[in-house]
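What follows is a short report on a single structure.
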Amino acid sequence: MAMFMDLNVSYTTDKKRLQGLIEKAAHRNYILCCFSYVKLIRLPIKVLNRLTIVATDPSHFRPTAVYKAYDLVAVFPKTEKLFHAACMTFDVDIICVAVSEKLPFYFKRSPVNGAIERGVFFELSYTPAIRDSTMRRYTIANAVSLMETCKGKNVIVTSGAERPLELRGPYDIANLGLLFGLSEQDGKAAVSTNCRAVHLHGETRKTALGIIHTMKKDQPLSEGQREVDDPPSKRPKIELS
């Protein structure tokens, strides 16, 4: 059975509306939703906290120990230079793609592939597309542009919902992925397995765990061994007197 997740639900200080968002997500069969900040809410759904950095200059992104307090860290790069840096060097889990405005740059294969190799995911939020027809055009156009470059790899689709009525069911979102240029399989992964991969990436970033691959280095040969192993043509000649 697929496990569906929404990694971008807008936090609100209105506790009643926040409760409604979580209950709606649970009712829609999501097992996990992510807010920017949450305090002890006991419901049959796992809740994460997320930091999203809207950056217009490289100096805006300076990782600190504070980042480890968040389950997920996302960056919203506003320029091509920052998008390249986010893909290649920023220690983040998610790169947000603009959905409410026209992109000021084109996606290039090199940085996109760099992000994929590092296990970083690209996020598309669908709520703007259901609020306004102009933003719907931007969402679809920017999404299709991304898919042409990443080929549907490492993409998550989130809501960005501020109200319970803006949440859609996971199968509806998977179908919406078809408009974004995702295949049926990739659309389903964008709200399930890919979200799980983002969560695991966040846990790895927080704990700074990794894998070290070691190789046994060959020991240098002794003089006697070299003489035995060397071919006759390279062995020193011995002259008899």
Side-chain angles (χ1 to χ4, degrees), residues 3-11 25 30-38 46-56 58 60-64 66-80 82-101 103 105 107 111-129 139 142-143 145-147 149-161 170 173 176-177 180 182 186-187 189-208:
M3 297 183 293
F4 299 109
M5 310 176 194
D6 188 338
L7 299 184
N8 185 21
V9 180
S10 297
Y11 175 71
Y30 290 100
I31 65 161
L32 180 150
C33 63
C34 184
F35 293 89
S36 58
Y37 181 76
V38 168
K46 186 171 183 178
V47 178
L48 305 180
N49 56 64
R50 160 180 165 169
L51 174 67
T52 301
I53 303 163
V54 180
T56 56
H60 293 168
F61 188 86
R62 294 176 179 172
T64 66
V66 175
Y67 289 5
K68 291 190 176 184
Y70 295 90
D71 297 302
L72 300 178
V73 174
V75 63
F76 194 157
K78 289 292 188 176
T79 66
E80 183 175 11
L82 280 168
F83 179 80
H84 188 279
C87 289
M88 305 302 290
T89 62
F90 286 178
D91 188 17
V92 296
D93 309 305
I94 299 168
I95 298 174
C96 307
V97 176
V99 291
S100 59
E101 59 187 5
L103 279 171
F105 57 87
F107 294 112
V112 168
N113 286 343
I116 293 172
E117 290 174 3
R118 294 200 305 126
V120 179
F121 282 72
F122 300 98
E123 177 190 60
L124 293 164
S125 294
Y126 64 81
T127 295
T139 300
N142 295 348
S145 177
L146 174 65
M147 300 314 153
T149 308
C150 74
K151 307 302 180 185
K153 295 180 180 178
N154 284 44
V155 175
I156 61 172
V157 179
T158 62
S159 66
I173 305 310
L176 183 63
F180 293 166
L182 289 165
D186 288 338
V191 288
S192 57
T193 53
N194 286 1
C195 294
R196 174 62 177 162
V198 173
H199 186 197
L200 292 176
H201 189 275
E203 289 182 342
T204 301
R205 174 186 50 77
K206 286 178 63 178
T207 56

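The residues of the chain are indexed from 1 along the displayed sequence.
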Kindly give the heavy-atom pair with the smallest separation between [X] and [Y], and that separation in Å.
{"X": "His201", "Y": "Val92", "answer": "CE1-O, 3.2 Å"}
{"X": "Cys195", "Y": "Ala190", "answer": "SG-O, 3.4 Å"}
{"X": "Ala86", "Y": "Arg118", "answer": "O-NH2, 2.9 Å"}
{"X": "Glu123", "Y": "Cys96", "answer": "OE1-SG, 3.3 Å"}
{"X": "Ser159", "Y": "Ser125", "answer": "O-CB, 3.9 Å"}
{"X": "Phe180", "Y": "Leu124", "answer": "CD1-CD1, 4.1 Å"}

Output the distance between atom [atom1] ([X]) and atom [atom2] ([Y]), rounded to the nearest 0.5 Å.
{"X": "Leu72", "Y": "Phe121", "atom1": "CG", "atom2": "CZ", "answer": "11.5 Å"}
{"X": "His199", "Y": "Asp93", "atom1": "NE2", "atom2": "CG", "answer": "10.0 Å"}
{"X": "Asp186", "Y": "Asn154", "atom1": "CG", "atom2": "CG", "answer": "10.0 Å"}
{"X": "Lys151", "Y": "Leu146", "atom1": "NZ", "atom2": "CG", "answer": "11.0 Å"}
{"X": "Lys153", "Y": "Leu182", "atom1": "NZ", "atom2": "CG", "answer": "13.5 Å"}

inquiry  = For Phe83 and Phe107, I'd like to know if the aromatic rings sit close, meaning centre-to-centre distance below 6.0 Å.
reply    = yes
Are [X] and [Y] close enough that some pair of their side-chain heavy atoms sits under 4.5 Å apart?
{"X": "Phe90", "Y": "Leu82", "answer": "yes"}
{"X": "Val112", "Y": "Phe122", "answer": "yes"}
{"X": "Thr158", "Y": "Ile94", "answer": "no"}
{"X": "Arg50", "Y": "Leu48", "answer": "no"}

Does [X] use its side chain to pair, donor to acceptor, with the backbone of [Y] at less than 3.5 Å?
{"X": "Thr139", "Y": "Val99", "answer": "yes"}
{"X": "Asn194", "Y": "Val155", "answer": "yes"}
{"X": "Asn142", "Y": "Glu101", "answer": "yes"}

